Amino acid sequence: MSAPPAEGLVEQWESEQARLRQQVVEEDTEDWQRSPDFSGLERVGGVDLSFIKGDDVNACAQLVVLSYPDLEVMYEDSQMVTLMAPYIAGFLAFRETPFLLDALKRLEGNQPELLPQVVFVDGNGLFHYREFGLACHLGVLSGLPCVGVAKNLLQVQGVYKGEEHQSQIAALQKGGDSFPLTAASGKVLGKALRSSDKSSKPVYASVGHKISVDTAVRLTHSCCRYRVPEPIRQTSDPKAE
DNA sequence: GCGACAG
DNA sequence: ATCTTGTCGC
């Protein structure tokens with residue numbers, strides 16, 4: 001039983017996305033991003049919201065900061081929150097962003113020296129219906145470089161989960177292999193990445209903010225011990241050390 | 001009616 | 001997102 005969305009809400013959200021979309025920076029802006037081994041990168045963050053079975057209103061907002069390249073936990077923040085917005089495909093950011101931003105603000109206020117230099121977001125960035133997914137939204141509002149990593153393919157802008165897609169996946173032989181997710185317009189919205197040798201199912205990485213697609217993919221691979229990048233996995237997997 | 005639908 | 005254990009395979 002889900003109440004129908006308020007009148008005009010989607011329209012309002014669409015215009016908000018269109019406005020913020022103009023502020024996304026799709027190129028590398030940091031020195032470490034140009035380095036072959038990301039020298040200069042010392043802290044990578046991950047954010048996520050976790051729910052429990054029968055409750056889609058209360059959730060746990062988490063932010064972790066890991067050292068790079070060791071991927072050891074440097075900081076961890078968990079906060080129970082009450083969600084105000086409904087989940088509507090394409091508008092995930094309106095549901096989650098406020099709480100992820102709060103977590104970043106808390107860190108900035110308490111230990112600004114631990115602020116991550118890049119944030120991994122559980123969801124898409126430019127690979128989105130209007131090229132403005134959660135990772136872009138959080139990136140623009142926080143001003144931090146962000147990378148979107150989704151675990152499932154969103155069929156959008158001419159990208160289909162068909163036979164061709166399946167064969168492209170089959171062609172990913174080892175960790176680090178990838179292929180572009182190209183829109184009907186010809187623009188590369190993101191890449192499917194085999195994140196580790198062991199996982200045959202790829203993850204879908206796209207630009208959030210202040211990073212290029214290629215750097216986003218290369219960085220994502222370098223932060224993967226398993227299929228899901230460690231910064232995100234540390235927030236959502238109870239068994240993660 | 002059927003498939004899609006980030007989290 | 002979450003519901004869910006074991007099981008088969010390398």
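Lettering follows sequence order; numbering is per chain, from 1. The shown structure was predicted, so the numbers you read here are calculated from the model rather than taken from an experiment.
A salt bridge does not link Arg43(A) with Glu113(A): every distance from a Lys NZ or Arg NE/NH1/NH2 to an Asp or Glu carboxylate oxygen is 4.0 Å or more.
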Protein and nucleotides 4-10 of chain C: nitrogen or oxygen contacts under 3.5 angstrom:
none

Could you go through nucleotides 5-7 of chain B and list every protein N or O atom that sits under 3.5 Å from one of its N or O atoms, giving the distance for each pair?
from	atom 1	to	atom 2	distance (Å)
dC5(B)	OP1	Gln155(A)	N	2.8
dA6(B)	OP2	Tyr87(A)	OH	2.7
dA6(B)	O4'	Asn124(A)	ND2	3.2
dA6(B)	N7	Gly90(A)	N	3.2
dA6(B)	N6	Gly90(A)	O	3.1
dA6(B)	N6	Phe91(A)	N	3.3
dA6(B)	N6	Leu92(A)	N	3.3
dA6(B)	N6	His128(A)	NE2	3.2
dA6(B)	N1	Leu134(A)	N	3.1
dA6(B)	N3	Asn124(A)	N	3.0
dG7(B)	OP1	Lys151(A)	N	3.0
dG7(B)	OP2	Asn152(A)	ND2	3.0

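Geometrically, Arg218(A) engages Phe38(A) in a cation-pi contact, judged by NZ or CZ lying under 6.0 Å from the ring centre and within 45° of the ring axis.
Val207(A) and Tyr204(A) are members of different hydrophobic clusters when ILVMFWY side chains are connected at heavy-atom separations under 4.5 Å.
Within 6.0 Å of NZ in Lys161(A) there are 12 or fewer heavy atoms belonging to other residues, nucleotides or ligands. The environment of Glu11(A) atom CD is dense: over 12 non-hydrogen atoms of other residues, nucleotides or ligands sit within 6.0 angstrom. Heavy atoms from other residues, nucleotides or ligands lying under 6.0 Å from CD of Gln166(A) number more than 12.
Ser212(A) and Glu27(A) are not linked by any side-chain donor-acceptor pair at a separation below 3.5 angstrom, with hydrogens and angles left out of the test.
The C1' atoms of dC5(B) and dT2(C) are separated by 16 Å, rounded to the nearest whole Å.
Taking the six-membered ring where tryptophan is involved, the planes of Phe91(A) and Trp13(A) are tilted, since the angle between them lies from 30° to 60°.
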